[in-house]
Amino acid sequence: YIARNEAETISRSFQGLAEQVDGIFLADTGSTDDTLNIAKAAGAHVFSYPWQEDFAAARNFILAQVPDSYDWILFLDADEYLVQPSELRPFLQQIEKQHPEKEAVLVTIVNIDADNGNREFHRFLNIRLFRHTADICYAGRVHEMIQHKSGRPLEVLVERNRLTIHHTGYSHRI
């Protein structure tokens, strides 16, 4: 995660996740609310990162904090959450057995309006799950994308059903 002043949303994002991942890593870019306390209470490894107007740099900073022994990275924003977090480990086991060549997964992200009964108003595919290797990083100050440092295309698996992420960031009350 990268976050700043996300106390209203980050608890929902952490829900059910700790049991499914080996660690939660968060780069805080200057929170003045309760974000840090919530993250620490959830067991997250929290790091301070001065905001530099560059989303890729912040994401790459927190990626560098993840131990090399971690095989996969799930990158969420604080206003996002996995709809079925219990599907994560079984899905990764399936990839290892059936698609060991795959380096990244396109998952469905659903924009929902939490102010209007979680009504869906848009969905798209994005890479949020990828192998943890030194050659994979983020690029682009805004609308950052995951890529190989070498420029070689990622071997991507498309997953439309099991790992849906809800995004509430366009809701006004949250």
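When a residue number appears, it is its place in the shown sequence, counting from 1. Values below: every heavy atom of this structure, side chains too, minus hydrogens, waters and symmetry copies.
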*Please answer: with hydrophobic residues joined when any side-chain heavy atoms are less than 4.5 Å apart, are Leu106 and Phe130 in the same cluster?*
yes

*Under 3.5 Å: donor-acceptor pair, side chain of Thr164, backbone of Thr108*: no

*asked:* For a 4.5 angstrom cut-off between non-hydrogen side-chain atoms, does Arg4 reach Thr35?
replied: no

*Is there a path from Phe55 to Leu26 through hydrophobic residues (I, L, V, M, F, W, Y) whose side chains come within less than 4.5 Å of each other?*
no

*Residue pair Ile38 / Phe14: nearest heavy atoms and the distance that separates them*: O-CE1, 4.1 Å

*Just by modelled atom types, is the Ile2 backbone N or O under 3.5 Å from a matching donor or acceptor in the Arg59 side chain?*
no

*Give a yes or no on whether a salt bridge exists between Glu96 and Arg131, defined as a side-chain N under 4.0 angstrom from a carboxylate O.*
yes

*asked:* Within the structure provided, determine whether His167 and Asp79 are in side-chain contact (heavy-atom separation under 4.5 Å).
replied: yes

_ILVMFWY cluster, Ile136 and Val158 together (side-chain gap under 4.5 Å)_ = yes

*Distance-only, no hydrogens or angles: does the Thr29 side chain make a donor-acceptor pair with backbone N or O of Pro50 under 3.5 Å?*
no

_Any non-hydrogen side-chain atom of Glu53 less than 4.5 Å from a side-chain atom of Arg141?_
yes

*Got a donor-acceptor contact below 3.5 angstrom from the Asn5 side chain to the Asp33 backbone?*
yes

*Could you check Trp72 against Leu88 for side chain to side chain contact (heavy atoms under 4.5 Å, CB included), going step by step and ending with a plain yes or no?*
CA-CA 11 Å; Trp72 287 88; Leu88 182 58; over 6 Å; no

_Looking at every heavy atom in both Gly140 and Ala56, which two are closest together, and how far apart are they?_
O-CB, 3.2 Å

_Separation between CG of Leu36 and CD1 of Ile10, rounded to the nearest 0.5 Å_ = 9.0 Å

*Below 4.5 Å, heavy atoms only, C-beta onward: do Asn111 and Phe124 meet side chain to side chain?*
yes

_Where Ser48 and Phe61 come nearest, the two heavy atoms and their spacing_ = O-CZ, 3.9 Å

_The test is side chain to side chain contact (heavy atoms under 4.5 Å, CB included); show your working for Phe75 and Ile62 and say whether it passes._
CA-CA 10 Å; Phe75 217 115; Ile62 199 63; 3.5 Å; yes

*Examine distances only and state if a side-chain atom of Glu159 and a backbone atom of Asn161 form a donor-acceptor pair shorter than 3.5 Å.*
yes

*Would you say Leu74 and Leu82 make side-chain contact, with heavy atoms under 4.5 Å?*
yes

*Can you get from Tyr49 to Phe47 by hopping between Ile, Leu, Val, Met, Phe, Trp and Tyr side chains that sit under 4.5 Å apart?*
yes

*Asp68 vs His132, side-chain hydrogen bond (donor to acceptor under 3.5 Å, both in side chains): CA-CA, chis, key distance, verdict*: CA-CA 7 Å; Asp68 291 342; His132 184 222; 4.9 Å; no

_Straight-line distance of Glu6 CD to Glu80 CD, nearest 0.5 Å_ = 10.0 Å

*So how far is it from His166 NE2 to Glu120 CD, rounded to the nearest 0.5 Å?*
7.0 Å

_Hydrophobic cluster membership, with links at side-chain heavy-atom distances under 4.5 Å among I/L/V/M/F/W/Y: are Leu17 and Ile109 in one?_
yes

_Any side-chain heavy-atom pair of Asn116 and Phe121 under 4.5 Å_ = no

*Is it the case that more than 12 heavy atoms not belonging to Arg160 sit under 6.0 Å from its CZ atom?*
no

*Which distance, rounded to the nearest 0.5 Å, do you find between the CG of Asp77 and the OH of Tyr1?*
9.0 Å

*Any side-chain heavy-atom pair from Phe25 and Tyr70 closer than 4.5 angstrom?*
yes

_Could you check whether any side-chain heavy atom of Leu129 comes within less than 4.5 Å of a side-chain heavy atom of Leu92, counting everything from C-beta outward?_
yes

Please list every donor-acceptor pair under 3.5 Å in which a side-chain atom of residues 150-157 meets a protein atom from a residue at least two apart or in another chain.
unit_1, atom_1, unit_2, atom_2, d
Ser150, OG, Arg152, N, 3.3
Arg152, NH2, Glu103, OE2, 3.2
Arg152, NH2, His148, NE2, 3.1

*Heavy-atom pair with the smallest gap, counting every atom of Leu76 and Ser13*: CD1-OG, 4.1 Å

*asked:* On a heavy-atom basis, which atom in Ala27 and which in Ala58 lie closest, and how many Å separate them?
replied: CB-O, 4.5 Å

*Could you tell me which non-hydrogen atom of Glu19 sits nearest to which non-hydrogen atom of Arg89, and how far apart they are?*
O-NE, 4.1 Å

*Side chain of Asn60, backbone of Tyr138: donor and acceptor closer than 3.5 Å?*
yes

*Are any side-chain N or O atoms of Lys149 and backbone N or O atoms of Ala134, one a donor and one an acceptor, separated by less than 3.5 Å?*
yes

